[in-house]
2 protein chains.
Amino acid sequence: MTKDTPSEPALAPRTRDAEATKARILKAALNEFARYGLAGARVDTIAEKAKANKRMLYHYFGSKEELFQIVLENAYLDIRQAEQKLRLHELDPVEAMERLVRFTWEYYLKHPEFIRLVNSENLHRGQHLRKSKLVSIFSRKLVEMVSDILDRGVAQGVFRPGVDPVHLNLTIAAIGFYYLTNRYTGSIIFERDLMDKAALDERLAFNIDTILRLVRA
Amino acid sequence: MTKDTPSEPALAPRTRDAEATKARILKAALNEFARYGLAGARVDTIAEKAKANKRMLYHYFGSKEELFQIVLENAYLDIRQAEQKLRLHELDPVEAMERLVRFTWEYYLKHPEFIRLVNSENLHRGQHLRKSKLVSIFSRKLVEMVSDILDRGVAQGVFRPGVDPVHLNLTIAAIGFYYLTNRYTGSIIFERDLMDKAALDERLAFNIDTILRLVRA
DNA sequence: CGGATAACGCACTATCTGGTTACTTCCCGG
DNA sequence: CCGGGAAGTAACCAGATAGTGCGTTATCCG
């Protein structure tokens, strides 16, 4: 909508730019909600970090909860889109499976905001995600993707039949997500630094092994 | 300390009973913290639900955070003690492993407060659990327990060698914990009721299978 | 160029929230 | 049976917090 005239350099600092302001608010909100949860996040802090006026935040997003909802939806859409870019159908089943486990792990590792946001949303019983139409659509593609790998593997005789793609999806997510979301209590309980580089590499290898043992014929 | 005189019936409603009041506050706090998280929980609500005066809460526990800390520690001690009662060393390795997976799942299912508390604590980077000395001690026993099962299994040739008991522990927890903590977003994303009786049974069976495939020779 | 529209900002408030002050009531040991 | 300490209570407070009313300024289109 509000675009620079083509002749002007794009980097010229616009004094007024609704899209840019919205984007800054969303980014600051993602950070704040991920750090402190929905209840712990402070609207004033979000506005400040976004270098935007709080009034703008309410103008564009309505309320703290609606802002959270949009931040959460965006986070889900981001991971679902990244998954689609993997082009797993081009790989043979074992490689595809390994790549998916690796991707999931690395995505969680690179995006700790995502796992924290998901936890917050589940504390609130999924009431915000439920309002998103897009998330369901994109999630279906994920299940189809895994289903396809599984089918191809069974056809080639490398995977055993009868593995539920939803349970497999849940398990791939679980073994990475749990380790990383509970990194703090986990490090205390098991008395070792779970976020140590070597520990992370070891975990990824363990996870790939776990999933392959689960699906192999 | 404050005990009824032996001649009086223990159930006689004492008008003043420090231990009972503390217990009521802890119970109400467990509920409130599990429901709304540390930031979302309300001290007034805890006092009200405990049928205690807020001043008592501060008198016995010092602050909201210290109360949270004690609630969290109690929750961990409870699960660790329940695990010790399983007497897994009396079972053969495969049965012991299956029993542990089953127990973990059923404990999480019966104690949704536990998983919610753990999530809240990890949002706060483990800063409260770190202060507990007891939790580390009891956790060591858990690792030893799994280690023992694993060793016995290897000696009998039913389990493969080289499985790290910490990673195994993490995985047993993960596949149950993740499913249950993300029951809300999971049900939305996969468009099926993850908390349906049949779905729960299916998941338990899947989890047992996953772990056995992981450790079997 | 000029005025409508949208971006932006200040200052305010009603309410909530963790924590406290100052008090009363009960119980038990000597 | 009585005095002191512990259990219990009501009212209160200061700071924080989500949300707004209203005025100002930049931008863009006719």
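Per chain, numbering begins at 1; letters A, B, ... match sequence-line order.
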What is the distance, to the nearest angstrom, from the CD1 atom on B:I46 to the P atom on C:dT17? 12 Å
Minimum-distance nucleotide to A:N53 side chain [options: D:dT25, D:dA18, C:dG9]: C:dG9
Whether the side chain of A:R55 and the base of D:dG23 hold a donor-acceptor pair under 3.5 Å is what I'd like checked. no
Base, sugar-phosphate, or nothing for B:A20, non-hydrogen atoms under 4.0 angstrom? nothing
In terms of the nearest nucleotide of DNA chain C, which residue is placed more toward the 5' end: A:H59 or A:K54? A:H59
Here the distance between atom C1' of C:dG19 and atom CD of B:E65, to the nearest Å, is 13 Å
Using a cut-off of strictly less than 4.0 Å, decide whether B:R42 has a side-chain nitrogen or oxygen near OP1 or OP2 of C:dG18. yes
Does D:dG8 have its OP1 or OP2 closer than 4.0 Å to a side-chain nitrogen or oxygen of B:Y60? yes
Roughly how many Å is it from CD in A:E48 to C1' in C:dC10, rounded to a whole number? 15 Å
Within this structure, what is the CG-to-P distance between B:L67 and C:dT17, rounded to whole angstrom? 16 Å
Please assess B:E144 against B:R140 for the test salt bridge (Lys or Arg N to Asp or Glu O under 4.0 Å), listing each intermediate value before the final yes or no. CA-CA 6 Å; B:E144 280 167 27; B:R140 250 169 255 154; over 6 Å; no
What is the nucleic acid contact for B:A47, judged by heavy atoms within less than 4.0 Å: base, sugar-phosphate only, or nothing? nothing
Length of the line joining B:K64:NZ and C:dG18:P, which is rounded to integer Å: 4 Å
Without decimals, in angstroms, what is the distance between A:D17 CG and D:dT27 C1'? 12 Å
Does atom NE2 of A:H59 have more than 12 heavy-atom neighbours, drawn from other residues, nucleotides or ligands, at distances under 6.0 Å? no
For A:T21 and C:dA7, is the shortest distance between a side-chain N/O and OP1 or OP2 below 4.0 Å? no
Of the nucleotides C:dA7, D:dT17, D:dA10, which one has an atom closest to the side chain of A:D44? D:dT17
Please examine the side chains of A:R80 and A:L142, heavy atoms only from C-beta on, and report whether any two atoms are closer than 4.5 Å. yes
Given A:H128, which of A:F33, A:F68, A:Y76 fulfils the ring-ring contact (aromatic ring centres under 6.0 Å, His included) condition? A:F68
Select base, sugar-phosphate, or nothing to describe what A:F61 touches, counting heavy atoms under 4.0 Å on all strands. nothing
Taken to the nearest whole Å, CE/A:M56 to C1'/D:dA26 is 13 Å
Distance in angstrom units between B:L38 CG and C:dG18 P, rounded: 10 Å
Less than 4.0 angstrom from a charged side-chain N to a carboxylate O is my criterion; do A:R116 and A:E113 meet it? no
